[in-house]
Amino acid sequence: MLLSCYIKHLATRALAPEAEAAQLADLRSEVGRRPARRMSALGMLLHRVLEGVDAGAYGRVVYTTTYTESGFIERFLESFPQPSPMMFQSSIHPGGAEQVLIQRQQGIRDFLPLAGQEQLIASALDHALLPDGEQVLWCGGEERATWLTEAGLASDRSFAFALTLAPEPADAIGTLSWDRTAFSEDTTAIDNLSWFRLLEAREPGRWNLPGGGTLSLQWHDR
Amino acid sequence: MALPPVYVHQGAALTAWGDAPTSVRHLLAGEVALKLQPVFGSEGGDHVPLAVRGGTIDATLPARWWDDLMAFAQPYAGSDWGTARRPIILTSSNYSVDQLYGYTRARSDATAAKDWQDVLPHRIAGRLQSALGWGPRVSILSHACVTAQVGISQAMQWLRHDLADAVLVFSFDYLSAFVAGGFHSLKILNAHLPQPYVEREEGSIGLGDGVAALVLKREPSPWKLTGASLYNEMHHFTANREDGVGFQRVLEPLLPLIAPEAVWVKGHGTGTRQAGQLEVSALNQLLPHAPLVGWKGSLGHTLGSCGAVELVLAIAAIEAGRIPGTVGSHGQTIGPQVKLDPFAADAYRQALILSNAFGGAHAAHLLEYAA
């Protein structure tokens, strides 16, 4: 079954690895010192890309990440044998999105926090796109850590994205289509970072995902 | 849009007691599986109530739970699972976080550290796919202690919209020092056994290992899931709103489907004071005649798997003819609807299954059965 929807809003933000410290300081000022106090890099990036988005207005909120709160996880693990309660509660999936929504006191109904790597984007499309006319908010991202990154257990890039999807075309900036039953031998793996890069570049195209399913992206202003 | 109901075709669970029928027998006998054990396993620490399969929460290589999980999963092996029409939803709050804890302890020794490989959700999912011959359509959901019920809700959506013929919701959470240490740091996992829904000075929880699998389809079976509801307060990282609105909001969409005189409630009931009081208060307002029970005083809180584990146990209890009471609790309850003793299943025809999680997340499912 081919399911299509319209992209109404898109925001992306990333930190350049070579200038991450300075950019994090800028981000902290943008978010505000007080709210930023208990936020991770991922939380602050999500804060920015979700600016102006009323998450409570969406029937489904989908959140995708491979590694989630890597910085807080590192600090929680380092706190043993006196585990830190603050690091524990902040490290729990889906903490990145919750940091933003809790700060805004923005209650939501269906919240689908997904993890994964090669199948993550196909999973998100499976969960986000249903023929029920609901508007969907899809956000995600990663944050660079220190020793977890060195061990290949956390992202080496800090980035976040948010897009909103709706069934009606008015004021749409793009179209997203997903055929979960299509199958091809010629596939392209799209992980969370590749997905972010496609969105950031507003790259149009058609991709057969590993394991089945074909994703199409069209941008109306291109 | 009126959507068709979804039916449970296979349900299985493991707790510290054993499989679902065995667990229900112990619950009906009022027995508590929780035992006071060191919070960091063999590394020591304060003694806290844990209900562990195999006796230890230590991070080991291979993971202490792997063989247990494989033995449980054998009925669900095969390449027809994980395909476009028979997808799998993996649900866990912790996946293999014990392995991450083990890696951290070993990381100063590069040779030892490289053996700890399965430390991320997608890696453990990959091992499961490979070991069980599953296809690629495996979603990995993780939303703290409502995870399993979020997975069940999504499975219902796919089936109702004819996007799948059958969905396997597979759920597991095994304890580790990472998790036990975290809850202990919050002071809610302490030296006291939990007594859900009882008046006490200080609340406390216990933690338990839990595994469950549910096969859901559109074709009728005796176990009909008629409603599902999710709500996320986004009020505080760990606490619920003090006005209890989240406990009400999650129930509101289900109220038109509920027969108030014919429903019993399996509450979340971990043993914390505030959440217990808010849950009882919401149920007292909306379903004042429905008996309320909680089983985590015996099984411990099985975290992200609890919604699936306790749904399977609810079915096993109905099959056994008696619903276990709130095991482990004694004395003055915080509401008249709290039942401490077992009661007959055939006096009712609906069961409401509730979960609550960090972030003020709430999940509810309504199960209908022939009285």
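Proteins get letters first, then strands, A, B, ... in listed order; numbering begins at 1 in each.
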Taking side chain as everything from C-beta outward and backbone as N, CA, C, O, which of these in [X] sits under 4.5 Å from a heavy atom of chain A? Side chain, backbone, both or neither.
X: B:Pro253; answer: side chain
X: B:Ser93; answer: neither
X: B:Arg241; answer: neither
X: B:Ala125; answer: neither
X: B:Val138; answer: backbone

Heavy-atom pairs under 4.5 Å with chain A, option from [options] with the top count:
options: B:Phe40, B:Phe178, B:Phe358, B:Phe183; value: B:Phe178
options: B:Val39, B:Val245, B:Asn94, B:Leu163; value: B:Leu163
options: B:His122, B:His236, B:Gln157, B:His362; value: B:His122
options: B:Leu120, B:Leu90, B:Val150; value: B:Leu120

Are the side chain of [X] and the backbone N or O of [Y] linked by a donor-acceptor pair below 3.5 Å?
X: B:Asn232; Y: A:Arg109; value: yes
X: B:Glu233; Y: A:Gly107; value: no
X: A:Trp147; Y: B:Thr104; value: no

Give the member of [options] that has the highest number of heavy-atom pairs under 4.5 Å with chain B.
options: A:Pro85, A:Ser79, A:Ser123; result: A:Pro85
options: A:Leu112, A:Thr181, A:Leu120; result: A:Leu112
options: A:Gln99, A:Met87, A:Glu118; result: A:Gln99
options: A:Leu153, A:Val100, A:Leu148, A:Thr66; result: A:Leu153

* To do: Evaluate the side-chain proximity of A:Phe111 to B:Met234: yes if any heavy-atom separation is below 4.5 Å, no if none is.
  =>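 Answer yes - side chains close enough.
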
* **Heavy-atom side-chain proximity of B:Ile89 to A:His127 below 4.5 angstrom** =>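 They are in side-chain contact.
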
* Asked: Does the side chain to side chain contact (heavy atoms under 4.5 Å, CB included) test come out yes or no for B:His143 and A:Tyr63, once each step is laid out?
  -> CA-CA 10 Å; B:His143 190 4; A:Tyr63 177 57; over 6 Å; no

Portion of [X] that has a non-hydrogen atom of chain B nearer than 4.5 angstrom:
X: A:Ala151; value: both
X: A:Arg104; value: neither
X: A:Gln119; value: side chain

* Spacing of B:Leu141 atom CG and A:His93 atom NE2 [to the nearest 0.5 Å] ->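 Reported value, rounded in 0.5 Å steps: 8.0 Å.
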
For the residue pair [X] and [Y], what are the closest heavy atoms and their distance?
X: A:Gly152; Y: B:Arg123; value: O-NH2, 3.5 Å
X: A:Pro83; Y: B:Gly181; value: CG-O, 3.5 Å
X: A:Gly116; Y: B:Ile140; value: CA-CD1, 3.9 Å
X: B:Pro121; Y: A:Ala115; value: CB-CB, 4.2 Å

* Does a side-chain N-to-carboxylate-O contact under 4.0 Å join B:Arg160 and A:Asp132? ->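 Salt bridge flag = no for A:Asp132 with B:Arg160.
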
